[in-house]
Amino acid sequence: MKSVFITRNIPEIGISMLKNRGYVVDVSQLDRPLTKQELIIALKAKPYDAVLTLLTDVVDAEVFAVATSVKIFANYAIGFNNFDVEEGKKRGIFLTNTPGGGADRVAEHTWALILALSCRIVEADLFVREGKYTGWDPMIFQGSKIAGKTLGLIGAGRIGAEVARIASRGFGMRIAYHDIVRNEKIESLHGASFWPTVEDVLKQADIVSVHVPLNESTHHLINGDHMKLMKPTAYLINTARGPVIDEKALVEALKNKVIAGAGLDVFENEPLLATGLKDLSNVVLTPHIASATEQARHDMAILSAQNIISTLEGGIPANMVYS
Ligand code: GLV
């Protein structure tokens with residue numbers, strides 16, 4: 001009988017899809033991310049055919065080495081930087097992600113961060129809760145207007161394109177973007193302009209939003225020198241992966257008013273924050289929840305289970321992360 005290991009509890013639909021195929025499904029009973037050692041111990045304990053992983057599970061050569069019976073690691077995530085893709089490919093192990101699960105929601109969360117910053121929602125909320133609101137005051141919490149400004153996108157895949165659509169349709173923004181692959185659709189649909197370098201985009205944008213996968217070439221793609229190119233009134237938003245931005249340099253840039261603010265859903269060393277980040281009032285911080293809706297989590301469970309089923313039934317899963 002085929003067996004599947006799931007590294008943390010996921011919505012029931014995914015588990016029942018696997019059980020309905022007659023697979024034995026073991027779900028980790030620890031309601032927290034597994035350490036690499038714990039994952040290795042679990043994989044040594046039983047010759048699993050498939051593993052459903054979360055973005056917190058490091059799946060590298062050491063893990064592949066003990067997972068000799070495993071045909072697929074199916075990530076329950078859009079991102080897959082937790083996989084050593086080259087190593088998995090070399091060993092012929094299928095690696096998948098859930099690209100459709102929650103991408104539109106990540107774009108919405110990106111906009112929530114942008115609006116929270118520009119309308120100073122978090123600071124103002126605290127002000128009211130602390131009983132400091134004593135009456136209308138023309139001088140308090142002046143934010144910044146978004147309409148008509150320039151959105152700079154670093155990465156214009158599925159999520160970046162949806163952020164661009166909202167910017168163009170909702171706020172009449174100009175859109176400047178950079179990506180390693182040109183997205184002509186957002187050019188024709190939303191008037192986005194392609195720029196050949198990250199620097200080109202940073203210099204002109206009022207809001208810079210990052211939507212690239214994390215890999216060697218995007219690690220610290222935005223560093224301290226890049227921040228100095230940005231407008232002092234600009235906001236930097238990250239709903240992609242923390243290490244794409246040098247977080248220590250960002251704290252310095254925010255302290256020294258090199259840029260005006262940042263909205264972060266992801267952090268360089270999750271769940272830790274760079275020293276000083278949480279003490280700044282010009283940042284809005286959320287705990288890696290950009291895709292957190294019931295619908296998205298449900299869709300991700302279906303997609304990841306489907307990738308496992310396709311593999312174990314002898315097919316090629318729909319969401320391979322390598323070709
Ligand atoms: C969340 O960050 C994801 O990659 O799905």
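Start at 1 and go down the list; that is how both ligands and their atoms are numbered. Positions are given from 1 along the sequence. Only a predicted model underlies this, so the values are computations on that prediction, with no experimental measurement involved.
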- For the ring pair Phe64 and Phe73, is the centre-to-centre distance below 6.0 Å? yes
Same cluster or not: are Val181 and Tyr322 linked, directly or through other Ile, Leu, Val, Met, Phe, Trp or Tyr residues, by side-chain heavy atoms under 4.5 angstrom apart? no
Polar contacts were defined as any N/O atom of the residue lying under 3.5 Å from an N/O atom of the ligand; does this apply to Gly79 and ligand 1?
yes
of all protein heavy atoms, closest to atom 3 (C) of ligand 1 is Ile78 N, 3.2 Å
So the atoms of ligand 1 within less than 4.0 Å of a heavy atom of His288 turn out to be 1 (C), 2 (O)
Distance col, row Phe83:CZ vs Asn97:CG, nearest 0.5 angstrom, shows 8.0 Å
The reported gap from CG in Asn183 to CD1 in Ile175 (rounded to nearest 0.5 angstrom) is 10.5 Å
Should Leu285 and Phe267 count as side-chain neighbours, where that means a heavy-atom distance under 4.5 Å?
yes
Note: ligand 1 atoms sitting under 4.0 Å from heavy atoms of Leu55 are 1 (C), 2 (O), 3 (C)
One finds that the ligand 1 atoms under 4.0 Å from a non-hydrogen atom of Arg241 are 1 (C), 2 (O), 3 (C), 4 (O)
